[in-house]
Amino acid sequence: MAVERYNAKETEPRWQEVWSERELFRTHNDDPRPKYYVLEMFPYPSGRIHMGHVRNYTMGDVVARYKRARGFNVLHPMGWDAFGMPAENAAMQNKVHPKEWTYANIATMRKQLKSMGLSLDWSREIATCDPSYYKHQQRMFLDFLEAGLVARKTAKVNWDPVDQTVLANEQVIDGRGWRSGALVEQRELTQWFFKITDFAADLDARLDTLDRWPEKVRLMQRNWIGRSEGLLVRFALDPATTPAGEDTLEIYTTRPDTLFGAKFLAVAPDHPLAKAAAAKAPELAAFIEECRRMGTAQEAIDKAEKLGFDTGIRATHPFDPDWQLPVYVANFILMEYGTGAIFGCPAHDQRDLDFVNRYGLGNTPVVCPPGQDPATFAITDEAYDGEGTLINSRFLDGMTIAAAKEEVARRLEAETRGNRPVAERKVNYRLRDWGISRQRYWGCPIPVIHCANCGVVPVPREDLPVTLPEDVSFDQPGNPLDRHAEWLKVPCPTCRAEARRETDTMDTFVDSSWYFARFTDPKLDDAPTDPEVADSWLPVDQYIGGIEHAILHLLYSRFFTRAMRRADLVGLDEPFDGLFTQGMVVHETYRDRAGNWVQPNEVRIETEAGSRRAFHVKTSEPVEIGSIEKMSKSKKNTVDPDDIIASYGADTARWFMLSDSPPERDVIWTEEGVQGAWRFVQRVWRLVSEVAEAGKGSGDVGPLPLRRAAHRALAAVQDDIEDLRFNRAVARIYELANAIGAELQAGKGASATAREATRILVQLIAPMMPHLAEECWRALGQKGLVAEAAWPEVERDLLVEDMITLPVQVNGKKRADVTVARDADNEAIEAAVLSHEAVKRAMEGRPARKVIVVPQRIVNVVA
RNA sequence: GCGGGCGUGGCGAAACGGUAGACGCAGCGGAUUCAAAAUCCGCCGUAGCAAUACGUGUCGGUUCGAGUCCGACCGCCCGCACCA
């Protein structure tokens, strides 16, 4: 019987229309069912979706559709991370307004996403560039300001003197601006900061509770926060050598145990003591200036040698009034960390060792590794930072490192210098406050006003939003807001005098730090969230996105959750309960004879004698097949989702994305793989059609093995989807399809069992290939939509067999199989095993010394 | 340099410490066809006619039994990078 081919192109839009008309994926906040919030990282509207989006959103959609079938009230929204630089770049290059460009891109991408058949609640769509979104962000800025979570302070930035703009670190290439090519300067600008460091301890501690996050991401965050326990030590400075007004130097150390190995103290070039000392020492001032210049060339830092300059200042060792240490200014000390000053113990710190070896300050080992003789243990080029026993350290000798740290802290805490203790225990963090100021147009305006009389004044809440003016031009360098006289001018809210608006806009990471909360009630006008609604949905049960956001986006969102909690906008601890980071989509690269990259759709692959060769479609010239790389425009190894959907359909693209590789690993996009997926689509359709046709006849129950296979597949697939192991689920589905196919081959397609197995097959593919599943559902004569159908129940009884086949090993090598009753006791199994011919042969007449029976799994005979 | 991860057929990959290679891709053989495409059936780690032997980066260990656990090494990938 001839079955018509499945026509995805015709079918897919039809079902999308049906879902949309019935508002199947519209979620209601008052739905009484248990909630499930699945979210994929929302896209930047760059113009068109790419394969990475297809993979990301397919995974989320499988979870959403599966959870819906399991009876959850699923929230699965979509929006746009719509502020950012590319819109301004487009404005400069193409003379199109950022807003116009952005919304045109959104329209294109929305259409593309809809063609994928994603079960999204489009009624909750948001765009961060819309005043109805960012006005709440401005309100929260004011909330945070009141709560003391916002700071205004100076910070070093990369300044491009030609474009007159601040550059992100990754926009500085070899010390030059990526666009202008101008030498980038380090400038001190007054900037707005969110005080994320206020939450450093909690952000660190609560990582332990995120057990549904990848360990890797937690580790990256932990390293980024960089908690360290140490000691703040105050060194007395010799007045004879020290500039007036200075008498103490505070240093931070995590190795107070090595205090007797100290050879010098060092401060950062921009440390106040360095500046004070430089005032009367021109050479020192010149050295400091040199350090500052070296700082600008980012790349140079890697290779920079440890340089220092003796200030002439002498400090007194806290345990010995007669022991003086020189104070250096050194280029490797960071003002931003700790106190910007250290004591150097060269024997046990590589940087300090490099430093003293250059300046001839010597070293004294104070920790002796186990098994080494303290009398002869010496350090030359390599510092020792391992465990050991204290030596050369007076009262610390013989102690462990931990004991010595404790002893030093205990003694110095008890002593005082002036009215303060000589030392204090201090927990330090590497994490810095989050600078949110951007000297850019296309971002959320920071709602403050600068008044000559009153200083910085917040914009009154009733005046929000501060909207971006639309009549701006990008024909000059710099921020258009700075040039917009009319927009800038505003009366001071306090004294009514003429004042000036803040022209900095917010980092776009701010926009994406709370969108997941906004989705819970996206139309709410008078507040960012309804705390009750937000708390009913949050945390996000499953968040899915790229590993590239492992640190910043996720950390900022965690900060925002805490800050919003302080402003009574949410009541939760952590925003994302489950996190999954998916791998990239990669593809072969191709180059023609001239070395130009060639796009995959311009390449024809031929296989000859087992080797693959590529040719240009138009010219038929040979093309070199290169390495497999992340899809990128520069290497032209991209595949356009639109093309794939047009030629194979969305279901094929979705299926391939799920089938080949584990989801956290990169997936290689291949033409053969897509065709394989497409063949499977056709095969399912054929199986279903044949079963549908045959099924009209007999009411025969049918064979048990197929029932078992169907329910085994069902049980396995649901477990796999719960664990996001889509590739395994796909394999199980193939197995079931194979089993049904064999049944049809045997002419038993008319049985009730075949129909049941086929119905289960359709339900298993429904989260992955929803359009095909609907078409099959209807062909099988099922009522309603498969997208609305409840997930089938596993019949547990079918998962256990009456007779089981156990593999038999002799001395660890497999020699035979025995089939026994499932509930056979060990004696019976042993008897069956030892009488087996192949087992006897393998035992070569030796007696069985021991028989290990692992219930339901295996038997091992030790002979 | 520090931290983390990963090494399994021609390829993507499976495998609660228990039959290594499920499932897919590619390939090979056959059926169908005037022929092809599509489809269906079979084979498909290496060596061997076979019985069998050997096989999860290398070397060692634990165990009745190791791809899986432990130690050392080799290779690749990622993150951080003067954080005291």
Side-chain angles (χ1 to χ4, degrees), chain A residues 2-3 5 214-224 226-228 230-231 251-255 258 266 268 301-302 304-306 330-334 336-345 348-352 354-355 385 428-432 547-548 550-551 607 609-612 628 655-656 659-662 664-668 670-677 679-680 682-683 686 725 727-738 741-742 744-745 805-817 841 849-863:
Chain A
V3 173
R5 280 229 173 154
E215 187 55 39
K216 179 188 168 82
V217 174
R218 288 197 283 175
L219 202 82
M220 282 164 76
Q221 293 224 345
R222 182 156 286 134
N223 291 341
W224 189 262
R227 182 179 196 275
S228 76
L231 202 61
I251 63 96
Y252 178 73
T253 181
T254 55
R255 293 296 303 272
T258 64
I301 291 176
D302 295 353
E305 298 212 45
K306 310 258 174 306
N331 65 346
F332 63 98
I333 309 300
L334 305 173
E336 299 84 7
Y337 187 78
T339 61
I342 60 138
F343 85 82
C345 174
H348 305 290
D349 183 295
Q350 193 60 45
R351 292 158 306 183
D352 297 344
D354 293 346
F355 188 77
D385 61 1
N428 226 326
Y429 296 92
R430 211 189 71 119
L431 184 69
R432 314 273 165 77
I547 187 74
E548 67 273 19
I551 299 177
T607 310
S611 76
R612 294 170 70 246
I628 294 168
W655 183 255
F656 180 55
S659 63
D660 235 34
S661 294
E664 69 279 6
R665 231 179 278 180
D666 290 350
V667 64
I668 306 171
T670 62
E671 187 63 22
E672 293 86 350
V674 183
Q675 280 170 8
R679 275 200 299 273
F680 185 66
Q682 297 299 336
R683 180 138 168 264
R686 224 164 28 242
R725 293 181 297 206
N727 59 320
R728 299 208 322 184
V730 163
R732 298 289 86 82
I733 291 172
Y734 270 115
E735 280 174 348
L736 178 57
N738 290 345
L744 285 170
Q745 280 295 309
T805 300
L806 293 174
V808 180
Q809 296 179 331
V810 177
N811 292 333
K813 290 203 168 154
K814 197 219 162 184
R815 297 295 176 181
D817 291 297
R841 212 182 320 126
R849 284 196 286 143
K850 200 171 167 189
V851 180
I852 296 149
V853 179
V854 183
Q856 314 293 312
R857 293 212 70 93
I858 200 168
V859 182
N860 192 12
V861 181
V862 185

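To find a chain, count down the sequence lines: A is the first, B the second, and so on, and within it residues start at 1. Quick caveat, the model's predicted, so the values are computed rather than measured.
In this structure, A:T254 reaches the sugar-phosphate backbone alone: every heavy-atom distance under 4.0 Å involves primed, P, OP1 or OP2 atoms, never a base. Using a 4.0 Å heavy-atom criterion, one finds that A:E672 contacts the sugar-phosphate atoms exclusively. Counting any heavy atom pair closer than 4.0 Å across all strands shown, A:N738 reaches sugar-phosphate atoms only and no base atom. Residue A:I333 is classed as a base contact, given a heavy-atom separation below 4.0 Å to a base. Counting non-hydrogen atoms under 4.0 angstrom, A:G338 reaches nothing in the nucleic acid.
At least one donor-acceptor pair closer than 3.5 Å links the side chain of A:D352 to the backbone N or O of A:C345. A donor-acceptor pair under 3.5 Å is formed between the side chain of A:N331 and the backbone N or O of A:E305. In this structure a side-chain-to-backbone donor-acceptor pair under 3.5 Å is missing from A:N727 to A:D660.
Atom pair A:E336:CD and B:A81:P shows a separation of 13 Å (rounding to whole Å applied). Rounded to an integer number of Å, the gap from CZ of A:R430 to P of B:G79 is 14 Å. Between the CG atom of A:L736 and the P atom of B:G24 there is a distance of 12 Å, given to the nearest Å. B:G79 atom P lies 16 Å from atom CD of A:Q221, rounded to whole Å. One interatomic measurement links the two molecules: NZ of A:K306 to P of B:C82, which rounds to 9 Å at whole-angstrom precision. If you take CD of A:E548 and P of B:C78, they are 14 Å apart, rounded to a whole angstrom. Protein atom CG of A:L744 is 10 Å distant from nucleotide atom P of B:C41, rounded to whole Å. Here the C1' atom of nucleotide B:A14 and the CD1 atom of A:I733 are 16 Å apart, to the nearest Å.
Ranking B:C40, B:C64, B:A13 by closeness to the A:N727 side chain, first place goes to B:A13. For A:T253, taking side-chain heavy atoms from C-beta onward, the closest of the listed nucleotides B:A26, B:G18, B:A84 is B:A84. Of the candidates B:A84, B:A22, B:G79, the closest approach to any side-chain atom of A:L334 belongs to B:A84. Counting only heavy atoms from C-beta on, A:K813 has its side chain closest to B:C54 among B:C54, B:G79, B:C23. With distances taken from any side-chain atom of A:R857 to the nucleotides B:G18, B:G79, B:A22, the minimum falls on B:G18. The nucleotide whose nearest atom lies closest to any side-chain atom of A:K850 is, among B:C64, B:G18, B:C40, B:C64. Closest approach to the A:K216 side chain among B:A38, B:C78, B:A84 is made by B:C78 (side chain taken as heavy atoms from C-beta onward). The listed nucleotides are B:G12, B:G18, B:A84; the one nearest the side chain of A:D660 is B:G12. When each of B:A13, B:C64, B:U19 is scored by its nearest atom to the side-chain atoms of A:I852, the top-ranked nucleotide is B:C64. Listed candidates were B:C41, B:G18, B:G12. Nearest to the side chain of A:Q745 is B:C41.
Both the sub-6.0 Å distance and the 45° axial angle are satisfied by A:K306 relative to the ring of A:F332.
At the phosphate of B:C25, neither OP1 nor OP2 sits under 4.0 Å from any side-chain N or O atom of A:T670. Using a 4.0 Å cut-off, some side-chain N or O of A:R665 falls inside it from OP1 or OP2 of B:A13. Contact annotation: A:R222 does not reach the phosphate of B:G4 (side-chain N/O to OP1 or OP2, under 4.0 Å). Between A:N860 and B:U19, a side-chain N or O to OP1/OP2 separation shorter than 4.0 Å is absent. Put simply, A:R815 has no side-chain N or O that comes within less than 4.0 Å of OP1 or OP2 on B:U19. Listed pair A:R686 / B:C40 meets the phosphate criterion, a side-chain N or O lying under 4.0 Å from OP1 or OP2. Under 4.0 angstrom from either OP1 or OP2 of B:G24 there lies no side-chain N or O belonging to A:Y734.
With contacts defined as side-chain heavy-atom distances shorter than 4.5 Å, the pair A:V859/A:I852 does not qualify. Side chains of A:I733 and A:W655 form a contact here, defined as non-hydrogen atoms less than 4.5 Å apart. Taking 4.5 Å as the limit, some side-chain heavy atom of A:S228 sits within range of a side-chain heavy atom of A:Y252. A heavy-atom distance below 4.5 Å is not found between the side chains of A:R815 and A:V808.
Along RNA chain B, the nucleotide closest to A:V862 and the one closest to A:V854 are compared, and the more 5′ of them pairs with A:V854. Sequence order on RNA chain B of the closest nucleotides to A:P807 and A:R683 puts A:P807 first from the 5' end.
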Test side-chain hydrogen bond (donor to acceptor under 3.5 Å, both in side chains) applied to A:R849 and A:N811, step by step = CA-CA 10 Å; A:R849 284 196 286 143; A:N811 292 333; 5.8 Å; no
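Side-chain atoms of A:R732 and base atoms of B:A22 include a donor and an acceptor less than 3.5 Å apart.
Remark: RNA chain B takes part in the stems B:1-7 with B:74-80, B:10-12 with B:23-25, B:27-31 with B:39-43, B:45-47 with B:52-54, B:57-61 with B:69-73, each of 3 or more antiparallel Watson-Crick or G-U pairs, criterion distances under 3.5 Å.
Summarising the geometry, atom CZ belonging to A:F343 is positioned 9.5 Å from atom CG belonging to A:D349; distances are rounded to the nearest 0.5 Å.
B:U32 and B:U19: their C1' atoms are spaced 37 Å apart (whole Å).
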